[in-house]
Amino acid sequence: MNFHDDLQKYGDAIAVVDQERGPVSYAHLAERADVLGAHAAPGGVKSLVFCLCDNNLESLAGYLGLLRARAVPLLLNAGIHPDLYEKLLAAYRPAFAWHPRGHAAGRGREVYADGDYVLTETGFGTSTELHADLALLLTTSGSTGSPRLVRLSCSNIASNAASIADYLGIDANERPITTLPMNYSYGLSIVNSHLLRGATLLLTKRTLMDKAFWEFLKTERATSMGGVPYVYEMLKRLRFGRMDLPSLRTMTQAGGRLSVDLTREFAALCAEKQIRFFVMYGQTEATARMSYLPPALALEKAGSIGIAIPGGSFALADDGELVYRGPNVSLGYADDASDLARGDDNGGVLHTGDVAQCDAAGLYTIVGRKKRMLKLFGNRINLEDVERMVAGLGYDCACAGEDDRLRIHTTDTDNHTAIRAFVAERTGINPSAFSVHHIAAIPRNEAGKILYSALPA
Amino acid sequence: MSNEDKYAQVFMDTFSVDREQLNDKFVYQCVPAWDSVGHMGLIAALEDTFGIMMETDDIIDFSGYEKGKQTLAKYGVEF
């Protein structure tokens, strides 16, 4: 049975503590979820619903209610750029939007309200055809304006949650605190794997740089937290080693490659504090998780992504590309509404786009990427999308860089500040991730293709 | 350059803002660039500029431009 259909079995146990709203039991959460679900799938007709998420009770109840009613939610960040939201709206024509009251997403008739959230009709109706197996949609590199989505089934969600709960040994005593948005596959995997086992989610909108986050963590005795690489850089700066957090027993890391130095540092610190430290690897295309490095190897094998999760397996293609097989491999992509009628395009096989090596002990290490893509503070960014964005502003450019550092090389000489501000505003990513550099001419080969290798480092 | 000028310069460089914007209303998350990532960059730049190492509580309580001056005073930075 899917965990989201089975919430009542934990009855009065606390499913969630919202920092602003307090505790809510599993039974009550299911009840709230179902009232929304009934409104979003009237007469049991499967509908597409845009769900604008923040780490709060309403978003969680909305997500669960939609899954339970077999409506199909697309989870988006409530802080999504309005232009991108419009693009998605036009591309996918959802029947409803579940959003914070007063949000720009709400323009149609109000159908239902709960807390600070409202369900509004978009006016598109249920004309979009949805495949019977389609349960959930997540964005890929949503922040660069690409409307590309990942299509997930109920069994994708259920199998990945079960694998994660299995290798992390999650039980009902766990109390993970949120450090990631729930519309992000890693953040959502924490939600799913813990609700599966009857644990208590600690939901907060606060960031690690906020005093209230740490107060909440201490008062509610959080037992685990997850983080993308920049979260670990923040923890280092906050002198995590000197913090006294006796309730914390597990820390997980995913959403990009953590540097070997930082991995070693945290592996050692966590060992000292008797915290289990899991370095993990995944992609939204695999629902979330594909591998993990057992904590006992965290120090010795720093830099490795470890072994495939239970139920999954890795292989290397002839060109070194890491290929994953497992029940959590998504159905495929969608680029517009017509793709939502498609079935399973992937057949349980995912070509990750990452180039890897496997050592004698069977542990995998990522050594490169086939795609022109970077991770900026955990957000996947296609360099081509950024180039298109800047070209749209009227500047010729070519992009390169490393994770958390994207370089925009442009022939323009005068508008570097404006380009940087524009890209940061559009993507919603902190401007410190972007730098703009002048280049006399974009290096191209005879066929006119950009020679990225000829760009200055 | 006075400490006041150096302090202001760090904010101007980190958040791409003008000096006129820096007052008691300039607080955490008042501009998109001052998010958690920007906060980390701000703290790093202040520590470098003034040659100090801030305590955890002071970092997470560094909530605004004016408030920050009081914090830095604890580390011997006079304004």
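Just so it is clear: chains get the letters A, B, ... in the order the sequence lines come, proteins before strands, and each one is counted from 1. What you see is a predicted model, and the numbers here were worked out from it, not measured in a lab.
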**Message:** With side chain to side chain contact (heavy atoms under 4.5 Å, CB included) as the criterion, how do B:Met40 and A:Ser432 come out once you've worked through the C-alpha distance, each side chain's angles and the decisive distance to 0.1 Å?
**Reply:** CA-CA 10 Å; B:Met40 189 165 73; A:Ser432 64; over 6 Å; no
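Contact annotation: the side chain of A:Phe377 never approaches that of B:Ser36 to less than 4.5 Å [non-hydrogen atoms, C-beta and beyond]. Residues B:Ile59 and A:Met209 are in side-chain contact: their nearest non-hydrogen atoms beyond the backbone lie under 4.5 Å apart. In this structure, the side chains of A:Phe240 and B:Thr56 stay at 4.5 Å or more apart for every pair of heavy atoms. Side-chain atoms of B:His39 and A:Met234, non-hydrogen and from C-beta on, never get closer than 4.5 Å to each other. In this structure the side chain of B:Asp35 never reaches within 4.5 angstrom of the side chain of A:Thr207, judged on heavy atoms.
Side chain of A:Asn430 to main chain of B:Ala33: a donor-acceptor pair is present (N/O by atom type, distance under 3.5 Å, no hydrogens or angles). Under a 3.5 Å cut-off, the side chain of A:Arg242 and the backbone N or O of B:Glu55 do not form any donor-acceptor pair.
Both the backbone and the side chain of A:Leu238 come within less than 4.5 Å of a heavy atom in chain B. Interface residue B:Met53: backbone and side-chain heavy atoms are both found under 4.5 Å from chain A. Proximity to chain A is absent for every atom of B:Phe15, based on heavy atoms less than 4.5 angstrom apart. The contact between A:Glu233 and chain B is made by backbone and side chain atoms together, counting heavy-atom distances below 4.5 Å.
Among B:Pro32, B:Ala44, B:Ser63, the residue with the largest count of heavy-atom pairs under 4.5 Å with chain A is B:Ala44.
The environment of A:Arg405 atom CZ is sparse: at most 12 non-hydrogen atoms of other residues, nucleotides or ligands sit within 6.0 angstrom. Counted within 6.0 Å of NZ on A:Lys236, heavy atoms from surrounding residues, nucleotides or ligands total 12 or fewer; the atom is thus considered open. B:Lys69 NZ: more than 12 foreign heavy atoms inside a 6.0 Å radius.
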